[in-house]
Amino acid sequence: SLFGLVLVLGLVVDHAIVIVENSHRLQATGLSKREAAIAATDEVVWPVFSATLTTIAAFLPLMILPGILGRFFRVIPLVVSVALVVSTIEAFTFLPLHFVEWGSLRSKQQSWFSLIEKWFSYIFKKLLRVKYYVVGGAFVLSIVVISLLGRVRQDLFSGEDYTYFFIDIELPVGTPRTKTNTFVNRFEEIILRTAEKGEVKSVSSVIGRSSAGGPLVSQNNVAQITVDLYELNAGRTRPISTVMDELQKACSTVPGAESVRFRRVRGGPPVDPPISIRFFGDTYEDLQAIAGKMKNKLRQYPELYNIKDNLEKGTPELRVVVNQEKAVKYGLSSSIIGLYLRAGFDGIVATRIFDDNENIDVIVLYRGGDISSINQMMQMKIPTSRDDQISLSALCSVQEKPVISTIKRVEGKREVTITAEAWDKKNIRRINKECRDVYEWEIKPTYPNVEFKAGGEFAEFSNILFQ
């Protein structure tokens with residue numbers, strides 16, 4: 001809201017300037033202050049009103065921007081619109097009254113303003129005598145300024161040097177809470193042993209819960225460590241980025257985690273990391289291979305950390321592949337075998353009974369269906385059309401395969417995003433360019449149907465405005 005007020009400050013005074021100047025002009029023609037104020041307001045009421053509407057029309061579309069950034073910036077067009085409406089009402093009602101009460105023609109200017117006017121006229125006349133040199137110099141200066149734009153570092157919603165940071169830990173799916181706690185204890189020991197004396201104020205851990213910069217997740221295989229440091233120059237001499245870098249390198253020796261993310265506290269709304277590379281394709285197998293190749297490329301840059309993709313792995317699944325030729329030989333099919341498997345694991349609803357105003361399912365479980373391992377499942381007997389039984393292992397094979405828990409699509413194509421944080425952002429443009437070169441020369445020839453897009457902290461703006 002404060003930024004909106006600063007932005008509209010130069011606009012709200014325009015109404016007053018137009019009306020007061022016009023009133024002053026008409027008063028100089030001989031009209032009284034009252035007559036001049038009324039006539040001047042009548043002359044410019046529609047131009048001023050139209051200028052207000054066009055400015056509001058330019059800002060109001062910002063209120064319908066989607067996403068978190070849309071909610072964050074919504075207050076700006078709201079403040080601008082309200083300020084312009086109130087300013088217009090004040091200019092049409094109270095301002096003419098103020099002019100009548102306070103307005104007067106001045107026979108002579110103040111001495112300080114006359115001195116400024118004198119110097120301005122002198123300098124302006126000198127510049128007019130060499131106007132071609134002035135225009136040429138201004139043009140050269142503009143070229144120099146434009147050429148330097150590439151050196152301007154972008155830092156959207158830069159965070160302060162907070163005294164704490166987070167470590168988000170995710171272990172393989174199915175890890176019990178006790179093992180997660182043991183893993184976190186090893187991290188705590190390394191943190192307290194590695195940090196310099198007087199740097200770490202406290203280390204606190206939460207087992208089974210983690211936000212990871214997004215929604216709160218409650219699972220036994222996740223944890224979040226909060227490392228609180230002393231204030232800079234009050235026991236700590238190094239910046240928080242240096243401390244985080246050292247601790248991350250020390251903790252990287254602990255094996256067994258699916259992902260470990262060191263995360264700083266950021267101000268403003270959530271934005272994309274400095275490095276954000278997106279690939280669009282038709283098959284996840286191709287996207288997984290490309291994501292692995294690109295992550296290996298990003299690991300070559302020492303200023304990058306928290307390199308990861310958004311391929312969320314789910315619980316591994318078992319795929320039972322039926323040998324159709326053998327199944328037909330015994331008078332079976334995939335649907336019949338699947339029915340016996342379902343009856344062996346969960347049972348089949350045979351009927352329902354009504355008791356005490358409640359429907360109760362009667363479930364029939366296949367004999368020998370107490371299956372607790374793959375070997376037991378493969379030894380399960382299935383009746384055949386020959387009035388005998390055959391083991392499942394003679395008809396099927398089992399494949400254990402990891403799966404993706406969430407499939408992300410953009411405009412009908414599957415999408416994977418590789419992101420990375422950066423200790424130093426001065427080389428971000430060069431890194432993005434080199435990643436694009438890797439795509440053009442190494443990835444695109446092998447996967448011609450895969451598209452590439454590089455983003456970053458400003459990616460959400462471009463996604464909102466240009467997609």
Side-chain angles (χ1 to χ4, degrees), residues 1-66 69-129 131-132 134-135 138-139 141-142 145 461 464-466:
S1 57
L2 182 61
F3 175 76
L5 289 175
V6 174
L7 181 64
V8 79
L9 185 62
L11 301 176
V12 297
V13 299
D14 291 343
H15 302 155
I17 292 174
V18 171
I19 293 177
V20 170
E21 286 292 333
N22 199 34
S23 300
H24 187 274
R25 178 182 65 82
L26 294 179
Q27 185 185 4
T29 62
L31 296 179
S32 64
K33 289 187 292 185
R34 183 176 182 276
E35 293 172 343
I38 295 175
T41 304
D42 288 340
E43 283 184 0
V44 299
V45 61
W46 288 114
V48 170
F49 185 71
S50 300
T52 300
L53 291 182
T54 55
T55 306
I56 292 177
F59 279 94
L60 278 183
L62 294 176
M63 297 188 66
I64 61 175
L65 291 177
L69 288 178
R71 294 196 297 269
F72 185 81
F73 286 111
R74 194 165 298 162
V75 66
I76 296 177
L78 180 62
V79 170
V80 170
S81 301
V82 171
L84 286 174
V85 170
V86 173
S87 173
T88 303
I89 295 174
E90 194 276 339
F92 289 157
T93 55
F94 297 101
L95 187 60
L97 178 62
H98 296 329
F99 179 81
V100 172
E101 293 179 349
W102 302 331
S104 62
L105 290 173
R106 299 184 178 180
S107 57
K108 60 179 181 178
Q109 297 176 331
Q110 297 180 359
S111 58
W112 61 270
F113 188 77
S114 299
L115 183 61
I116 294 176
E117 184 180 18
K118 180 180 178 181
W119 277 102
F120 179 80
S121 300
Y122 174 77
I123 296 174
F124 194 73
K125 289 177 181 179
K126 290 288 186 181
L127 293 177
L128 283 177
R129 294 174 183 174
K131 54 186 176 182
Y132 296 109
V134 173
V135 173
F139 180 77
L141 181 61
S142 301
V145 171
F461 282 110
I464 291 174
L465 298 177
F466 301 110

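We number each residue from 1, following the sequence as shown.
Atoms CD1 and OG1, on I56 and T88 in that order, are 6.5 Å from each other to the nearest 0.5 Å. Atom CD1 of residue I38 and atom NZ of residue K33 lie 13.5 Å apart, to the nearest 0.5 angstrom. Once rounded to the nearest 0.5 Å, the distance linking CD1 of I116 with OG of S121 reads 11.5 Å.
Of all the heavy atoms in F92 and F49, the pair that sits closest is CZ-N, 4.1 Å. In this structure, T55 and A51 approach most closely via the heavy-atom pair OG1-O, 2.9 Å. Among all heavy-atom pairs drawn from Q27 and F99, the shortest one is OE1-CZ, 3.3 Å. The nearest pair of heavy atoms linking A37 to S23 is CA-OG, 3.8 Å.
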All N/O donor-acceptor pairs, side-chain side in residues 75-85, below 3.5 Å, sequence neighbours left out:
| residue | atom | partner | partner atom | Å |
| --- | --- | --- | --- | --- |
| S81 | OG | P77 | O | 2.7 |

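Legend: residues meeting side chain to side chain donor-acceptor pair (under 3.5 Å) with T41, ordered by chain and number and at least two apart, are absent. Shown here are the side-chain contact (heavy atoms from CB on, under 4.5 Å) partners of V44, two or more places apart in sequence or in another chain: V18, I19, N22, V48. When the side-chain contact (heavy atoms from CB on, under 4.5 Å) test is applied to I123, the partners found at least two apart in sequence or on another chain are L127.
Contact annotation: the side chain of H15 approaches that of T52 to within less than 4.5 Å [non-hydrogen atoms, C-beta and beyond].
Pairs of residues two or more places apart, or lying in two chains, that qualify as salt bridge (charged side-chain N to carboxylate O under 4.0 Å, His left out) and include a residue from residues 43-58 are R25-E43. Pairs of residues two or more places apart, or lying in two chains, never qualify as salt bridge (charged side-chain N to carboxylate O under 4.0 Å, His left out) while including a residue from residues 120-129.
Aromatic ring orientation, H98 versus F94: parallel (interplanar angle below 30°, classes split at 30° and 60°). Between F124 and F120, the ring-plane angle classifies as parallel under the 30° and 60° cut-offs.
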